[in-house]
Amino acid sequence: MKILKYSLTLMVLLLGSGMIWAQKVMTPPHVLVVPDLTYCKQNGFIQTFDNMGVIEEIPDYEMALKEDPTLHNALTQIEQLITDRNSSIVIVDLPETINLMKKDAAMSNANAGSEAESVEEAIIRNSEADILVKVYYDLLSQGPRYRVSYTLAGVDAYTGQKFAPVEGMGPNSTDSNPAVLLREAVYQNMDPFLTKLTTYYENMLKNGRMVSFDFKITDSSPYSMSTPLKDGLTLQDVIDDILYDNSVDGGGLERVKSGSTFLQYSGVYIPLITTIRGRQRRQSAKDVAQRVVNELTLYGINADYKVSGLGKVNIFIR
């Protein structure tokens, strides 16, 4: 009996530790380090984007990396500091993501794709990052001495919400290499910055990440949001139930605007990890959007979707 009891206890401990280990391996934050918009504006690395009639300035990351020979090294220094402090964090490579975006854009254009998202949103979407780290720095000189001022900010890749900003000024130095000076300046603030970043991410693991869902009934569709389907449910009821089943306890479903031809959920909290085909996997807004479309077909409803950036889903009911 004692041997059996010991074996059962050991098995529970091993299973428990295995589950904790698996969770740590499966769920590290994916981080993309990019230059801040202010840095890009100061150096002329911007492009304009027509956002539904509103002209916006957005950073041109590709131009910045090509024309600023020190920028890539500076961003790499920040990436190295992050992984030195927390090796479980996954760093997403910005140049590689830009290349993925360009291939994706070429494929989209070949298939008459929509131009509804900006280049910045397309880069973020292709990165599949959880969090952006936006970097601003400025090289200051006084005689033979140099120093940098800097700002680091964590940004939710899905919502654009900023958190954990830190700023400071590096020590005086005779070295004029901004990448080296930036590393020295940021070094002491990296631990508290990463603590805030990981706390934000752990909160997302617990409560879900916020995604906006915009349902639109097209002009040629025979449906309205009040169309009765089955079991006494309307189309709006069905959409609401599908999103509830794909959210963390229905978080965010109460923030909705509705009309006969549209439903707008400003932020539904979807789980970061879900079970897909019997396995636990990371999931994105795209995964939930596909699931919504698939479930609508069970009611004979034809729909498709478009994801802008990572956190904005448009679903079109035909």
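Side-chain atoms are counted along with the backbone in the values below, which use heavy atoms only and exclude waters and symmetry mates.
Counting only residues at least two apart or on different chains, the salt bridge (Lys or Arg N to Asp or Glu O under 4.0 Å) pairs with a member in residues 199-209 are Asp130-Arg209. Screening residues 168-180 for side-chain hydrogen bond (donor to acceptor under 3.5 Å, both in side chains) gives no qualifying pairs among residues at least two apart or on separate chains. The salt bridge (Lys or Arg N to Asp or Glu O under 4.0 Å) pairs that include a residue from residues 142-159 number zero, where partners must be two or more places apart or lie in different chains. Sorted by first then second residue, the salt bridge (Lys or Arg N to Asp or Glu O under 4.0 Å) pairs that include residues 131-142, not counting sequence neighbours, are Glu120-Lys134. Residue pairs that meet the side-chain hydrogen bond (donor to acceptor under 3.5 Å, both in side chains) test with at least one member in residues 232-243, sequence neighbours left out, are Thr234-Asp237, Asp240-Tyr265.
Both Met190 and Val133 belong to a single network of hydrophobic side chains, linked directly or stepwise wherever heavy atoms of I, L, V, M, F, W or Y lie under 4.5 Å apart. One hydrophobic cluster holds both Phe193 and Phe163 under the rule that ILVMFWY side chains link at heavy-atom gaps under 4.5 Å. Linking Ile, Leu, Val, Met, Phe, Trp and Tyr whenever their side-chain heavy atoms come within less than 4.5 Å leaves Leu272 and Met210 in two separate clusters. The hydrophobic clustering, which links ILVMFWY residues whose side-chain heavy atoms are closer than 4.5 Å, places Tyr305 and Val238 together. Follow the hydrophobic side-chain contacts under 4.5 Å out from Val135 and you reach Tyr187 in the same cluster.
Residues meeting the side-chain hydrogen bond (donor to acceptor under 3.5 Å, both in side chains) test with Ser226, sequence neighbours left out: Ser224. With sequence neighbours excluded, the residues satisfying side chain to side chain contact (heavy atoms under 4.5 Å, CB included) with Pro95 are Leu65, His72, Asp93. With sequence neighbours left out, the salt bridge (charged side-chain N to carboxylate O under 4.0 Å, His left out) criterion links Lys66 to Glu62. Residues that satisfy the side chain to side chain contact (heavy atoms under 4.5 Å, CB included) test with Asp84, not counting sequence neighbours, are Gln80, Arg183. Applying the salt bridge (charged side-chain N to carboxylate O under 4.0 Å, His left out) rule to Lys41 yields the partners Glu57; only residues at least two apart in sequence or on another chain are considered. When the salt bridge (charged side-chain N to carboxylate O under 4.0 Å, His left out) test is applied to Arg125, the partners found at least two apart in sequence or on another chain are Asp104, Glu117. By the salt bridge (charged side-chain N to carboxylate O under 4.0 Å, His left out) test, Asp191 pairs with Arg85, sequence neighbours left out.
Pairing each heavy atom of Ala64 with each of Leu71, the nearest pair is CB-CD2, 3.5 Å. For the residue pair Val313 and Ala285, the shortest heavy atom distance occurs at CG2-CB, 3.8 Å. Contact detail for Leu229 and Leu235: the closest heavy-atom pair is CD1-CA, 3.8 Å. The shortest non-hydrogen separation linking Ala122 to Met101 is CB-CG, 3.6 Å. A pairwise comparison of heavy atoms in Asn126 and Thr97 identifies C-CG2, 4.0 Å as the closest pair. Smallest separation of non-hydrogen atoms from Ser258 and Leu263: CB-CD2, 3.3 Å.
For Tyr137 and Tyr39, the ring centers are positioned less than 6.0 Å apart.
A distance of 8.0 Å separates OG1 of Thr83 from CG of Leu81, quoted to the nearest 0.5 Å. To the nearest 0.5 Å, atom CD of residue Gln283 and atom OG1 of residue Thr275 are 9.5 Å apart. Rounded to the nearest 0.5 Å, atoms CZ (Arg281) and OG1 (Thr27) are 15.5 Å apart. Here the CD1-CD distance, from Ile58 to Gln47, works out to 4.0 Å after rounding to the nearest 0.5 Å. Residue Ser308 holds its OG atom at 11.5 Å from CD1 of Ile124, rounded to the nearest 0.5 Å. Atom CG of Leu181 is separated from atom OH of Tyr146 by 10.0 Å, given to the nearest 0.5 angstrom.
The 12-atom threshold is exceeded at CD of Gln264, counting heavy atoms of other residues, nucleotides or ligands nearer than 6.0 Å. More than 12 heavy atoms of other residues, nucleotides or ligands lie within 6.0 Å of CD in Gln42, so this atom counts as buried by the packing criterion. By the neighbour-count criterion of 12 heavy atoms within 6.0 Å, atom CD of Gln290 is densely surrounded, having more than that number from other residues, nucleotides or ligands. Within a 6.0 Å sphere centred on CD of Gln142, heavy atoms belonging to other residues, nucleotides or ligands number 12 at most.
Ser221 places no side-chain N or O within 3.5 Å of a backbone atom of Thr218 that could act as its donor or acceptor partner. Asn43 places no side-chain N or O within donor-acceptor distance of the main-chain N or O of Phe45, the cut-off being under 3.5 Å. Between the Asp36 side chain and the Thr38 main chain, a donor and an acceptor come within less than 3.5 Å of each other. Side chain of Thr227 to backbone of Tyr223: no donor-acceptor contact under 3.5 angstrom is found. Between the side chain of Arg318 and the main chain of Asn302, no donor-acceptor pair closer than 3.5 Å is present.
Counting heavy atoms from C-beta outward, Glu56 and Thr48 have side chains that stay 4.5 Å or more apart. In this structure, the side chains of Lys216 and Asp214 come closer than 4.5 Å at one or more pairs of heavy atoms. Under the 4.5 Å side-chain criterion, counting only non-hydrogen atoms from C-beta, Met225 is not in contact with Thr261. Residues Asn246 and Ile270 form no side-chain contact, since every pair of their non-hydrogen atoms from C-beta on lies 4.5 Å or further apart. Residues Leu243 and Val292 are in side-chain contact: their nearest non-hydrogen atoms beyond the backbone lie under 4.5 Å apart. Leu75 has its side chain out of reach of Val34: every pair of non-hydrogen atoms, C-beta onward, lies at least 4.5 Å apart. Taking 4.5 Å as the limit, every side-chain heavy atom of Asn189 sits out of range of all side-chain heavy atoms of Leu152. Taking 4.5 Å as the limit, every side-chain heavy atom of Tyr200 sits out of range of all side-chain heavy atoms of Lys196.
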Quiz item: Given Ser284 and Tyr158, is the side-chain contact (heavy atoms from CB on, under 4.5 Å) satisfied, shown in steps?
Solution: CA-CA 9 Å; Ser284 65; Tyr158 276 65; 3.4 Å; yes
Practice problem: Kindly indicate, with the supporting measurements, whether the criterion salt bridge (Lys or Arg N to Asp or Glu O under 4.0 Å) is fulfilled by Glu121 and Lys312. | Solution: CA-CA 10 Å; Glu121 288 176 322; Lys312 293 183 287 186; 2.5 Å; yes
Quiz prompt | Worked check of side-chain contact (heavy atoms from CB on, under 4.5 Å) between Ile131 and Val155 | solution = CA-CA 6 Å; Ile131 292 170; Val155 178; 6.0 Å; no
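A cation-pi geometry, defined here as NZ or CZ lying under 6.0 Å from the six-membered ring centre and within 45° of its normal, holds between Lys230 and Tyr299.
Checked against Leu94 for a side-chain contact (heavy atoms from CB on, under 4.5 Å), the options Val33, Ile123, Thr76 give a single hit: Ile123.
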